[in-house]
Number of protein chains: 2
Amino acid sequence: MQTIEQLLESKDIRVTAMRLLIYKFLAQKQIAVTLSDIENAFEKADRTTLYRTVKTFEEKGIAHQIDDGTGITKYALCEEGCSCEIETDLHLHFHCNICNETICLTEHKIPQIKVPEGFVSENVNLVVKGICDKCSGH
Amino acid sequence: MQTIEQLLESKDIRVTAMRLLIYKFLAQKQIAVTLSDIENAFEKADRTTLYRTVKTFEEKGIAHQIDDGTGITKYALCEEGCSCEIETDLHLHFHCNICNETICLTEHKIPQIKVPEGFVSENVNLVVKGICDKCSGH
DNA sequence: TCATTAAATGCACTTCCATTGCATTTCATT
DNA sequence: AATGAAATGCAATGGAAGTGCATTTAATGA
Ligand SMILES: [Mn+2]
Ligand SMILES: [Mn+2]
Ligand SMILES: [Zn+2]
Ligand SMILES: [Zn+2]
């Protein structure tokens, strides 16, 4: 078990107070968050810093961006050993039409999608919309 | 075989010169188009008119919107007998990372996606990214 | 045909989010 | 402590979606 500091350093991300706070915020959230969500959680910090921080996390491979179709980009930490870039590792995302929350279904890998002759599949984005467990009354 | 005028009227869309032109433009294109694409094709027309026209087409069920992850909304005419609203009818979309074009793979229906207990699936958006047949040299 | 009326169009403006340039501050290293 | 590079903060930009309202167009009936 490594500390967050060690994790960041192992990914070549310089450790700063802000980055630790943002990492912890993302880790504590069970849902994908927007930049505004982060902004609201850290009112003292500048929006640009938060923006560039999640971008850095993304580039260094400890977070991934989610396009759930709402038009607003969301972010979530990668799971242990996640490699978002590799197609076979891609999990699906669920967007709840009621509470408007989006979560990673990391257990649910995307099935192999057949494409026509001549087409090469490199990447797949799959978003399921509906009602989440909390909103459906399980 | 019905004329475009008859099709529009059957869908409760008033026939105008502009709408006929835009419909023909969409029909001729084999790929999904952005509002800017339409704008460039009809420089004399106002952007708002084009915007509201495709919105009308969408609401009346003769076109559908595509979110291919580029951040720019695209539109395409529905196939004969298409009913985009019904989940089981949803087809997948392919976005080429090289030519940047997005096409409807209307033959390729989206497979049934399993979601965890308590979750209800109402809608699915599936976008495959990669290299299209034209760009791969088939 | 002409008047009436509703819908379609055009123009201006707004909003929202993503993104960048640059000055300043912080931090690691010597 | 001095240096340089990276991180941060502030201001501004850009792109696309969406809206309010005045004007034009087109369908309808007198
Ligand atoms: Mn995820
Ligand atoms: Mn389509
Ligand atoms: Zn919910
Ligand atoms: Zn291509």
Side-chain angles (χ1 to χ4, degrees), chain A residues 4-26 32-60 62-76 95 100 102, chain B residues 4-26 32-60 62-76 95 100 102:
Chain A
I4 301 177
E5 283 88 344
Q6 288 168 339
L7 169 67
L8 294 183
E9 277 166 2
S10 77
K11 294 288 185 170
D12 214 30
I13 302 170
R14 278 171 61 161
V15 178
T16 69
M18 199 71 251
R19 287 175 174 175
L20 284 173
L21 286 173
I22 295 175
Y23 186 94
K24 284 172 189 163
F25 176 74
L26 291 174
V33 300
T34 67
L35 196 58
S36 295
D37 291 335
I38 306 176
E39 212 181 338
N40 293 334
F42 302 99
E43 307 220 334
K44 295 168 299 186
D46 186 76
R47 189 187 163 74
T48 313
T49 304
L50 306 175
Y51 171 74
R52 286 198 264 237
T53 298
V54 291
K55 281 292 173 195
T56 300
F57 284 0
E58 199 190 340
E59 282 161 18
K60 300 297 187 177
I62 65 169
H64 60 278
Q65 201 174 346
I66 300 161
D67 173 12
D68 63 8
T70 58
I72 304 172
T73 305
K74 293 181 179 171
Y75 302 91
H95 176 78
N100 211 38
T102 297
Chain B
I4 301 178
E5 283 88 344
Q6 288 169 338
L7 169 66
L8 294 182
E9 277 166 2
S10 77
K11 294 286 187 171
D12 215 29
I13 302 170
R14 279 171 62 161
V15 177
T16 69
M18 199 72 251
R19 287 175 174 175
L20 284 173
L21 287 173
I22 296 175
Y23 186 94
K24 284 173 189 162
F25 176 74
L26 291 174
V33 299
T34 66
L35 196 58
S36 294
D37 291 335
I38 306 176
E39 212 180 338
N40 292 334
F42 301 99
E43 308 220 334
K44 294 169 299 184
D46 185 76
R47 223 182 58 80
T48 313
T49 303
L50 306 174
Y51 171 73
R52 287 199 263 237
T53 298
V54 290
K55 282 292 173 194
T56 300
F57 284 2
E58 199 190 340
E59 282 161 18
K60 300 297 186 178
I62 65 169
H64 61 279
Q65 201 173 345
I66 301 161
D67 173 12
D68 63 8
T70 58
I72 303 171
T73 305
K74 294 182 179 172
Y75 302 91
H95 176 78
N100 211 38
T102 297

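No experiment lies behind these values; they were computed from the predicted model shown. Excluded from the calculations below are hydrogen atoms, water molecules and symmetry mates; all remaining heavy atoms, backbone and side chain alike, are included. Chain A is the first sequence line, chain B the second, and so forth, proteins listed ahead of strands; every chain is numbered from 1.
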Rounded to the nearest angstrom, tell me the gap between atom CG in Leu20(B) and atom P in dT25(D). 17 Å
What is the distance, rounded to the nearest whole Å, between atom CD of Gln65(B) and atom P of dA16(D)? 15 Å
Lys60(A) and Asp12(A) have their tightest heavy-atom pair at CE-O, 3.6 Å
Lys74(B): which of Asp67(B), Asp37(B), Asp68(B) passes side-chain hydrogen bond (donor to acceptor under 3.5 Å, both in side chains): Asp68(B)
Does the Arg47(A) side chain pair with the main chain of Glu39(A), one donor and one acceptor, at a distance under 3.5 Å? no
Protein-nucleotide distance (Leu8(A), atom CG; dC27(C), atom P), rounded to Å: 15 Å
How would you summarise protein contacts on nucleotides 9-18 of chain C per nucleotide, using B for base, S for sugar-phosphate only and - for none, with heavy-atom distances below 4.0 Å? BBBB----SS
In whole angstroms, the gap separating C1' of dA16(D) from CD1 of Ile66(B) amounts to 17 Å
Note: Phe57(A) and Arg19(A) closest approach over all heavy atoms is CZ-O, 3.7 Å
Lys60(A) NZ - dA6(D) C1' separation (whole Å): 11 Å
I would like to know whether Leu8(A) and Ile62(A) meet side-chain contact (heavy atoms from CB on, under 4.5 Å); could you show each step before the answer? CA-CA 8 Å; Leu8(A) 294 183; Ile62(A) 65 169; 3.7 Å; yes
Shortest non-hydrogen contact from Leu50(B) toward Leu35(B): C-CD1, 3.9 Å
In whole angstrom, what separates Glu9(B)'s CD from dA26(D)'s C1'? 13 Å
note: Phe42(A), atom CZ; dG9(D), atom P; distance rounded to Å ~ 12 Å
